[in-house]
Participant: 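I'd like to ask some things about the structure below.
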Amino acid sequence: MPAIVLVGAQWGDEGKGKATDLLGSAVDYVVRFNGGNNAGHTVVIGNETYALHLLPSGILTPGVVPVIGNGVVIDLAVLFDEIDALEARRFDTSALVVSANAHLITPYNRTLDKVVERFLGTRRIGTTGRGIGPTYADKMSRVGIRVQDLFDEKILRQKVQGALEQKNQLLVKVYNRRAITVDSVADELLAFADRLRPMVADTARLLSRALDDGHTVLLEGAQATMLDVDHGTYPFVTSSSATAGGACTGSGIPPTRIDRVVGVIKAYTTRVGEGPFPTELLDADGQQLRDVGAEYGTTTGRPRRCGWFDAVIGRYAARVNGVTDFVLTKLDVLTGRDKIPVCVAYDVDGVRHHEMPMTQTELHHAVPVYEFLDGWSEDISAARSLTDLPDAAVRYVSAVGELCGAPVAAAGVGPRRDELIAIRDLV
Ligand code: IMP
């Protein structure tokens, strides 16, 4: 039975929460496989807005089992704050399952994220400051603390002590901060152990069984292709694998079981934080996209950098992820323009590139080559099928699919859950 991967095709904030939610009622399990509470999923149901940072957005769909996979890094205080906030709004979160192998964000990881960014100055990444990068660094350095360590206090303390021997040297001697004690870290983590324990499982085995039993599993990526640590605009990336390959390593589901890869792509482009962004608009058009599209970070509230649609990136995302279908979001934000520029290639020092340039230097020099598509002025938020759309909007949707190399299966025309045009089935 199908395992479907859903990933962001640009720099994040494409509206993945809405796409996941759209699929949610057709799937049995929704799994997060990467990132932590740096993600920001906004789901609008009726007049209510739900901002999720760590929990899989499938948690809002009754009957779905939400899973936090081994590839996620967890800040336990945030996890329980989100659970409590949803419970207060009468959502049942009791089905949540958390991988015993997921890594925990510790107080020293959070502190180091902030002080290192400050130390980098103009070379900063513009991280969310949630400790994500340092926690993944600890995982790779094999000094990370995992969920299962909470259930063996002796081992937990040993591991925290081992990690702090290095971290405190850095904090005190390099960054001029106070040392952190083993007790303070262990106590903060252990305070959550009893509440967490019933949720913890071998999620890779659980998901494998679910697929054997004919259930549908949705693997929900956080961040996006261009923020992937391998395939994104390194070093201006997050520290996890946000592309389709990461869905396998971050969940324990093998590649041979993946049936479909859905790329979520916004009708224009945004990014948060530093790093190259060829179609960025620093003018009134950029400000208008930001205002109309409400482009302010769900997690940090930061204004997002905005620019025109970039088909070089869409094409790259289709290739790297093996996208079978795109979900195009926020088409309505483009309403009211005479012509809409779409970047179809880059000019890099006089050479035309239809594909992503190989080097960071080339990407920094990339100047967008635009084609100008006809715009539309009609309000499209009530459209529920392609035939309800003005011709120019239909052409925009088709152009995205043609330029990027995979069909558009749905197009978002407003923030609400139902403000969507379904073009072809995803499940
Ligand atoms: P980190 O993930 O906090 O380490 O931040 C690294 C980069 O990824 C920064 O540019 C962040 O702004 C960006 N980033 C992380 N999570 C998201 C997200 O969910 N949406 C958009 N950008 C993100």
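For ligands, and for the atoms within them, numbers begin at 1 and follow the listed sequence. Just the heavy atoms: all of them, side chains too, but no hydrogens, waters or symmetry mates, feed the values below.
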Participant: Is it the case that more than 12 heavy atoms not belonging to R142 sit under 6.0 Å from its CZ atom?
Facilitator: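 Not buried by this count: 12 neighbours or fewer within 6.0 Å.
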Participant: For ligand 1, list the protein residues that place a heavy atom within a distance below 4.0 Å of one of its atoms, sorted by chain and number.
Facilitator: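 Residues near ligand 1: W11, D13, N38, A39, G40, I125, G126, T127, T128, Q223, L227, V237, T238, V272, G273, R302.
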Participant: If you count the non-hydrogen atoms of other residues, nucleotides and ligands that lie under 6.0 Å from CG in N176, is the total more than 12?
Facilitator: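 Counting other residues, nucleotides and ligands, CG of N176 stays at 12 neighbours or fewer.
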Participant: Report the residue from T106, V143, L171, I180 that forms a side chain to side chain contact (heavy atoms under 4.5 Å, CB included) with L164.
Facilitator: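 Exactly one pass, corresponding to I180.
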Participant: Could you go through Q360 and Y234, starting from their C-alpha distance and side-chain angles, then the distance that decides it, and tell me whether this counts as side-chain contact (heavy atoms from CB on, under 4.5 Å)?
Facilitator: CA-CA 8 Å; Q360 188 187 354; Y234 190 91; 5.9 Å; no
Participant: Any salt bridge between D310 and R271, counting N to O under 4.0 Å?
Facilitator: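 No, no charged N to carboxylate O under 4.0 Å.
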Participant: How long is the straight-line distance from OH of Y29 back to CG of L211, given to the nearest 0.5 Å?
Facilitator: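 If we round to the nearest 0.5 Å, L211:CG and Y29:OH are 9.0 Å apart.
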